[in-house]
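Values in this document were obtained by computation on a predicted structure and should not be read as measured data.
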Amino acid sequence: MAHLLSTSCSLKISSGHKSYHQPLNRVQIALPTSFTFQTSKSAFKRLVFQGDSRGKCCKVQANAVSASQEVSAQSNSGTHQSSNKPSKHQRVMVIGGDGYCGWATALHLSKKDYDVAIVDNLVRRLFDHQLGLDSLTPISSIHNRIRYTVKSFEPDAVVHFGEQRSAPYSMIDRSRAVFTRQNNVIGTLNVLFAIKEFREQCHLVKLGTMGEYGTPNIDIEEGYITITHNGRTDTLPYPKQASSFYHLSKVHDSHNIAFTCKAWGIRATDLNQGLVYGVRTEETSMHEELCNRFDYDGVFGTALNRFCVQAAVGHPLTVYGKGGQTRGYLDIRDTVQCVELAVANPPQPGEFRIFNQFTEQFSVNQLAALVTKAGEKLGLDVRTKSVPNPRVEAEEHHYNAKHTKLIELGLQPHLLSDSLLDSLLNFAIKFKDRVDEKQIMPNVSWRKIGVKPKTVKA
């Protein structure tokens, strides 16, 4: 990871004559100089970041203060210095915190009174630049976001989102496949060694994927399956049938984590997540600078988000092949809730837990029908067309995956409803002028992947 910095940050949210302090604790920022962010329309009263004018790493403070304290602080030194008193809050490091799930999770945990550090090398933004892509939503630069390191921060938990997370990206060409393996597998190994060397009691919360399991013709268990063979019984890791170089990298991660839990006594939770939809959480809605990204293209966009954008701009919903591909789905609000539950309920040293992180199952055809119905209510002319499937996958199959462990810990799901679909569609309509329709159709083929670096044309 490059340029790993630290900051302590909290927000003062003003409403009428009342003030509410929402902590965004122990987050990280790189800034060339100090500046103050103020706006009368903002939910934040005053946010001050101080950076090193030489562009080097530094401690950055952004603290909530009362109106009288603000005036006093400005008259004395122009900034408010925080107490040197050590924090008693649990410290959580979010690796990959500049991404879709990572950013929402970091904000959510910080509001829940955790001290949060974000580590990110910003490579996801580089992918956008290379491929000519952009988020539907206008997202702020990293200078208004965050980061930090294991040795100095001493986290109680590390939430690892820091991986290349697109199956199509890993299938563009040899160089992207190799990068995905190096970034994901070697990156996770580096995290494991950092925990072993600097913070053995730290709990690793790793974002996995339901795609590790594939689509077997039996029910999918949560990580482990009990098998009786030739008169002997054992509980073993559930078989993995990955369907891309990205999914294979996640399988290798799981094996490496399981081994280090056994060999080194590391405690870890693997969150095998389904496909995420939505954009708003309570925290990202607090101010426009905190707005999360929303991918709709054929490389990084997930099915439901893509369909909502396609409906908003009048493009036919692109159903791959027969459309019977069934997967687990969850709202972005449930992603952050699941991570919080995992962090708050750590496993024992040496234990490797696996949770299947999704709330509902849908086929692609079912999602298309739901978006069509919701779009028609809003006066949209929504059409669906089947396009050749660029992936190598079963298009009609059995799919029944267990997902009870997070419910048992207290997950309260936000299920896909008519009102939520209306909200997603209205959100897509609001930003439809930012849509690049050339990015909608899939342009990465599993079967046509080549050795030579490929430029994906806009």
Mutual orientation of the aromatic rings belonging to Y224 and F352 [parallel < 30°, tilted 30-60°, perpendicular > 60°]: perpendicular
R327 charged N/C atom sitting above F358 aromatic ring, 6.0 Å / 45°: no
Side-chain donor-acceptor contact under 3.5 Å, E163 with T188: yes
Ring-face cation contact, F294 with R434, 6.0 Å cut, 45° max: no
Polar contact flag, side-chain donor to acceptor under 3.5 angstrom, T326-Q361: no
Pairing of E283 and K112 as salt bridge, 4.0 angstrom limit: no
Pair Y277 + F362: ring centers closer than 6.0 Å: no
Validation row: R176, L131 side chains within 4.5 angstrom (heavy atoms): yes
Contact check, side chains of L304 and L421, non-hydrogen atoms, under 4.5 Å: yes
Short side-chain donor-acceptor distance under 3.5 Å, T215 and E393: no
Within-4.5 Å side-chain heavy-atom neighbours: L136 and V435: yes
Note, F161 side chain near V94 side chain (heavy atom, < 4.5 Å): yes
pair P390-N443: side-chain heavy atoms closer than 4.5 Å: no
Side chain to side chain contact (heavy atoms under 4.5 Å, CB included), paired with N356, selected from E221, K405, E222: E222
L330 vs T335 side-chain heavy atoms within contact, under 4.5 Å: yes
No-hydrogen, no-angle side-chain donor-acceptor test under 3.5 Å, N292 and T284: no
Distance flag, aromatic centroids of Y238 and Y213, threshold under 6.0 Å: yes
Close side-chain approach of F127 and F179, heavy atoms under 4.5 Å: yes
Selection residues 339-348 - residue pairs positive for side-chain hydrogen bond (donor to acceptor under 3.5 Å, both in side chains), sequence neighbours left out: H108-E340
Inter-residue atom distance M171.CE - S244.OG, 0.5 Å rounding: 6.5 Å
Salt bridge (charged side-chain N to carboxylate O under 4.0 Å, His left out) assessment of D295 paired with R293: CA-CA 6 Å; D295 297 304; R293 67 179 304 120; 3.0 Å; yes
